[in-house]
Amino acid sequence: MRAALRSPLLVFAAALLACRGEGEVLALDGGEPADGRCGLVVVDVSDGLTVARALTSDWETGSCYELTLTRTGAARAAWWVQLATDAAVVDRWNHAATDLGGGLFEWRGIRESNNIELDPQGTTVVGTCLEC
């Protein structure tokens, strides 16, 4: 059942990215999870932001990802990243997450991590662990 849900979700995510594409999403570092489990797709990012996504852990029932966000714009600015997954979020760090419904989430910086806004060429690392 999960595999059947994943394909439309990835197609939807790719379509959204193609439509907006305000920032830049780099290729996944570390490969995709084994057997396609617990995928996390970056759908869209704020203007002037580069996102590098890394698979940091993968096991039979889950996986963890870190996103390195770099501000490429000329001025300090707040950031956001929209992501799609059909897995359950079991942990997250350095960001606030809003559930947009349908497996879509929006991440933003938080005061505790001092990453609400990023300076030009400023970087922050955020992440999540998923269970599928």
[X] versus [Y], closest heavy-atom pair with distance:
X	Y	value
Gly39	Thr85	O-OG1, 2.7 Å
Leu55	Ser63	CD1-CB, 3.8 Å
Ala78	Ser46	O-OG, 4.2 Å
Cys38	Gly62	SG-CA, 3.6 Å

Worksheet entry | Heavy atoms from other residues, nucleotides or ligands near CG of Asp99 exceed 12 (cutoff 6.0 Å) | yes
Any donor-acceptor pair under 3.5 Å from [X] side chain to [Y] backbone:
X	Y	value
Thr56	Cys64	yes
Thr61	Cys132	no
Arg92	Trp107	no
Thr128	Asp91	yes
Thr72	Gly48	yes

Quick one: are [X] and [Y] in side-chain contact, heavy atoms under 4.5 Å?
X	Y	answer
Leu83	Leu67	yes
Asp44	Trp80	yes
Val51	Thr68	no

Worksheet entry | Val90 and Leu130: CA distance, side-chain angles, deciding distance, side chain to side chain contact (heavy atoms under 4.5 Å, CB included) verdict | CA-CA 5 Å; Val90 294; Leu130 307 170; 5.9 Å; no
Worksheet item: Same cluster for Leu118 and Val125 if Ile/Leu/Val/Met/Phe/Trp/Tyr side chains link at under 4.5 Å?
Response: no
Discussion item. Check for me, please, whether Val89 and Trp93 land in the same ILVMFWY cluster - side-chain distances under 4.5 Å, paths through other members count.
Written reply: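 Looking at the clustering, Trp93 is in a separate group from Val89.
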Discussion item. For Arg71 and Trp79: C-alpha separation, side-chain torsions, deciding distance, then whether side chain to side chain contact (heavy atoms under 4.5 Å, CB included) applies.
Written reply: CA-CA 8 Å; Arg71 176 79 181 133; Trp79 61 270; over 6 Å; no
Practice prompt. Show your working on side chain to side chain contact (heavy atoms under 4.5 Å, CB included) between Ile110 and Asn115 and close with a plain yes or no.
Written response: CA-CA 6 Å; Ile110 56 175; Asn115 68 356; 4.1 Å; yes
Worksheet item: About how many Å separate CG of Asp119 and OG1 of Thr70, when rounded to the nearest 0.5 Å?
Response: 12.5 Å
Discussion item. To the closest 0.5 Å, what do you measure between CD (Gln82) and CZ (Arg108)?
Written reply: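 Answer for the CD-CZ pair, Gln82 versus Arg108, is 8.5 Å.
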Worksheet item: So among Val45, Thr50, Val81, which one has a side-chain contact (heavy atoms from CB on, under 4.5 Å) with Leu69?
Response: Val81
